[in-house]
Asks: 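Following this message is one structure expressed as structure tokens.
Bear in mind that the values here come from a model prediction, so they are computed numbers and not experimental data.
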Amino acid sequence: MVIGLALGTVVMGSVAGLALWYVQVGATPFLAEAPELDTLLRRSLWLVGGVTGVLALGAAAAGHWLLASFRQSLQVLQDAVEQVRTGRLDAQVSVDPDDELRRLARALDQMTTTLSQQTVSRDYLQAVLDSMAELLFVVDTDGRIRRANAAAAQALGRSASALRGTALGNHFDIDPLASSAEGPVECTLTPTDGPERTVLVSRSALERADATQGTLVCVAQDISERKAAEEKLRRSLEEKEVLLHEIHHRVKNNLQVISSLLNAQARDVESPAIEDRFTETQDRIRSMASIHEQLYQSDDLARIEFDAYLEGLLDDLFRSHRTAHIDRTLAADTQPLSVDQAIPSGLIVNELVTNALEHAFPEGRSGTVAVTFRADEGTARLTVADDGRGADGLDENGRLGLRLVHGLTRQLRGTLSTDLDDGVTVTIAFPTNPSN
């Protein structure tokens with residue numbers, strides 16, 4: 001616009017000057033007689049030329065100023081666009097003239113505001129990654145590190161830029177990318193300067209439109225403290241297991257000492273009835289001692305393989321009563337019982353089998369004693385049956401053994417039932433998980 005004005009001024013001034021010059025040239029013969037008119041024409045030519053020159057210079061100056069202002073506004077816009085290109089989405093543009101550039105600047109400001117609200121900048125994303133406590137690596141298809149966060153750089157004692165391009169497997173005792181196992185891989189971080197750490201490395205593919213296929217994101221979590229705590233706990237448990245094994249061993253030995261003392265004391269007893277009481281007490285002690293012996297030999301200090309225990313208990317009872325004419329059968333499920341349930345259950349079997357061996361088959365009568373243990377759906381059933389003389393073989397009057405059976409059944413929170421047809425059958429049912 002300014003250039004057009006300047007050109008118009010020059011053209012108009014030139015036309016006016018040429019017109020006056022033409023008049024002066026054409027009227028020269030007449031101007032000799034009128035010198036005042038000649039002077040006036042000359043002055044008019046100078047005036048037109050001077051005004052035209054001043055207007056041209058003014059237009060040129062104004063044009064230069066407007067061009068400089070326009071260039072400055074364009075530079076502001078260019079700087080703002082460059083900031084947006086480099087990730088500075090909060091860039092704002094300030095342009096003074098209220099024209100097309102002003103409107104363009106406002107449109108750019110609105111665009112950057114919208115982008116800053118909807119897009120995460122690189123600086124913000126890098127700040128998030130550097131604030132992670134876990135070690136993060138972006139690895140390309142040939143296993144080389146493309147990016148590492150601040151935690152990874154600090155753990156390895158090298159800058160993130162120094163880690164770029166190095167092989168990920170060089171920083172671990174085993175290459176986590178070479179493992180075919182699914183899920184996290186446990187390995188040891190081996191920094192060039194610093195202590196080694198046990199880490200858990202998880203791997204996942206980087207799913208992005210501009211990501212190279214096969215690019216992986218590896219996150220290593222430091223589990224050194226957890227491993228140390230687990231090791232400390234393991235050693236503590238081993239010490240406690242050794243202590244409990246020793247306790248069960250000593251309890252078993254003490255019970256055997258008591259049984260031996262009772263056996264020695266029984267030798268001085270002349271009454272057969274009293275001697276039988278000593279023998280019954282020894283059987284009870286042996287049934288408890290065998291529990292502690294099995295616990296001493298087992299890896300599980302809280303539960304007893306009750307089927308194996310029953311087999312050993314029946315061997316001891318039949319051997320101590322010298323009953324070659326009586327057979328036995330055992331059918332037991334492989335259901336372990338807790339120590340609190342195994343001891344009273346063993347004592348119950350001891351009392352019922354002892355009662356059958358002593359009273360169900362008098363005068364050398366032959367028969368069978370059957371022990372059955374079944375467990376299903378949280379309930380156990382313990383049955384001791386014989387095909388002896390029935391109710392006559394169940395000596396309930398004042399007998400300590402049968403009173404113990406009732407008391408031990410209540411201790412198990414169970415129920416007791418008796419069937420006296422074709423011998424004696426006693427069944428105790430109790431929950432295997434009384435706490436539930």
Side-chain angles (χ1 to χ4, degrees), residues 241 244-260 262 279-321 323 326-358 368-386 401-402 404-414 416 425-435:
E241 287 181 358
L244 287 174
H245 276 291
E246 184 63 23
I247 289 173
H248 287 300
H249 182 58
R250 294 192 179 189
V251 170
K252 185 260 300 184
N253 289 342
N254 289 338
L255 290 174
Q256 287 182 340
V257 169
I258 294 172
S259 179
S260 298
L262 290 174
T279 302
E280 292 173 1
T281 303
Q282 286 179 275
D283 290 340
R284 296 182 183 114
I285 293 174
R286 275 197 300 269
S287 71
M288 291 186 291
S290 61
I291 292 282
H292 292 282
E293 183 177 12
Q294 188 171 346
L295 286 171
Y296 169 70
Q297 297 173 351
S298 173
D299 293 332
D300 189 352
L301 297 174
R303 303 176 74 81
I304 292 294
E305 296 297 334
F306 198 60
D307 54 335
Y309 167 75
L310 286 177
E311 186 173 356
L313 178 61
L314 292 180
D315 286 341
D316 291 339
L317 290 175
F318 274 77
R319 184 171 51 252
S320 65
H321 286 81
T323 52
I326 302 175
D327 296 327
R328 61 164 182 167
T329 61
L330 172 63
D333 292 342
T334 56
Q335 169 68 34
L337 292 180
S338 65
V339 177
D340 293 337
Q341 292 178 321
I343 290 178
S345 298
L347 287 172
I348 287 174
V349 173
N350 177 84
E351 299 303 323
L352 294 176
V353 171
T354 299
N355 182 81
L357 294 178
E358 292 181 352
T368 302
V369 176
V371 178
T372 306
F373 176 70
R374 297 286 182 238
D376 58 346
E377 297 181 356
T379 301
R381 288 177 176 80
L382 182 61
T383 302
V384 178
D386 66 72
L402 296 181
L404 280 176
V405 170
H406 286 282
L408 293 170
T409 302
R410 288 192 297 270
Q411 182 177 335
L412 290 170
R413 300 181 186 179
L416 184 147
T425 300
V426 179
T427 301
I428 293 93
F430 61 91
T432 54
N433 297 305
S435 58

Asks: So, do T329 and V371 sit near enough that their side-chain heavy atoms are less than 4.5 Å apart?
Replies: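 A side-chain contact under 4.5 Å is absent here.
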
Asks: Could you tell me whether a side-chain N or O of R303 sits under 3.5 Å from a main-chain N or O of L337, the two making a donor and an acceptor?
Replies: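 Looks like no, no N/O pair under 3.5 Å.
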
Asks: Could you walk me through whether D307 and F373 pass the side chain to side chain contact (heavy atoms under 4.5 Å, CB included) check?
Replies: CA-CA 8 Å; D307 54 335; F373 176 70; 5.8 Å; no

Asks: Below 4.5 Å, heavy atoms only, C-beta onward: do T409 and I348 meet side chain to side chain?
Replies: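 The answer is yes, as the side chains (C-beta and beyond) meet within the 4.5 Å cut-off.
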
Asks: Please determine which of T383, L352, V384 meets the side chain to side chain contact (heavy atoms under 4.5 Å, CB included) test together with I428.
Replies: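 The option that passes is L352.
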
Asks: Roughly how far, to the nearest 0.5 Å, is the CZ atom of F306 from the CG atom of L313?
Replies: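 Rounded to the nearest 0.5 Å, the CG-CZ separation comes out at 8.0 Å.
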
Asks: L330 versus E311: any side-chain heavy-atom pair under 4.5 Å?
Replies: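 In short, these two side chains touch, coming nearer than 4.5 Å.
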
Asks: OH of Y309 to CG of L314: how many Å apart, nearest 0.5 Å?
Replies: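 Result: 9.5 Å between the selected atoms.
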
Asks: To the nearest 0.5 angstrom, please state how far the CG atom of D376 sits from the CG atom of D333.
Replies: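 Going from CG on D376 over to CG on D333, the span is 7.5 Å.
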
Asks: Hey, is the main chain of G378 close enough, under 3.5 Å, to the side chain of T432 for a donor-acceptor pair?
Replies: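 Side chain of T432 to backbone of G378, a donor-acceptor pair under 3.5 Å: yes, one is there.
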
Asks: For the atom pair CZ (F430) and CG (L382), what is the distance rounded to the nearest 0.5 Å?
Replies: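 Output value for this atom pair is 6.0 Å.
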
Asks: Step by step, would you call R328 with D386 a salt bridge (charged side-chain N to carboxylate O under 4.0 Å, His left out)?
Replies: CA-CA 9 Å; R328 61 164 182 167; D386 66 72; over 6 Å; no

Asks: Closest heavy-atom contact between V353 and F318?
Replies: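 Here V353 and F318 meet closest at CG1-CE1, 4.3 Å.
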
Asks: Might you work through the side chain to side chain contact (heavy atoms under 4.5 Å, CB included) test for V405 and L416, ending with a clear yes or no?
Replies: CA-CA 9 Å; V405 170; L416 184 147; 3.4 Å; yes

Asks: Do L357 and V369 touch side chain to side chain, with heavy atoms closer than 4.5 Å?
Replies: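 In short, these two side chains touch, coming nearer than 4.5 Å.
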
Asks: Please find the pair of heavy atoms, one from E305 and one from P336, that lie closest to each other, and give the distance.
Replies: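 Smallest interatomic distance, heavy atoms only, reads OE2-CB, 4.1 Å.
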
Asks: When you compare the side chain of L412 with that of Q341, does any pair of heavy atoms fall below 4.5 Å?
Replies: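 Yes, their side chains come closer than 4.5 Å.
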
Asks: Hey, what do you get for CG (L408) to CG (N350), rounding to the nearest 0.5 Å?
Replies: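 If I round to the nearest 0.5 Å, the distance is 10.0 Å.
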
Asks: Measuring from Q335:CD to I304:CD1, what's the distance to the nearest 0.5 Å?
Replies: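 It comes to 13.0 Å.
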
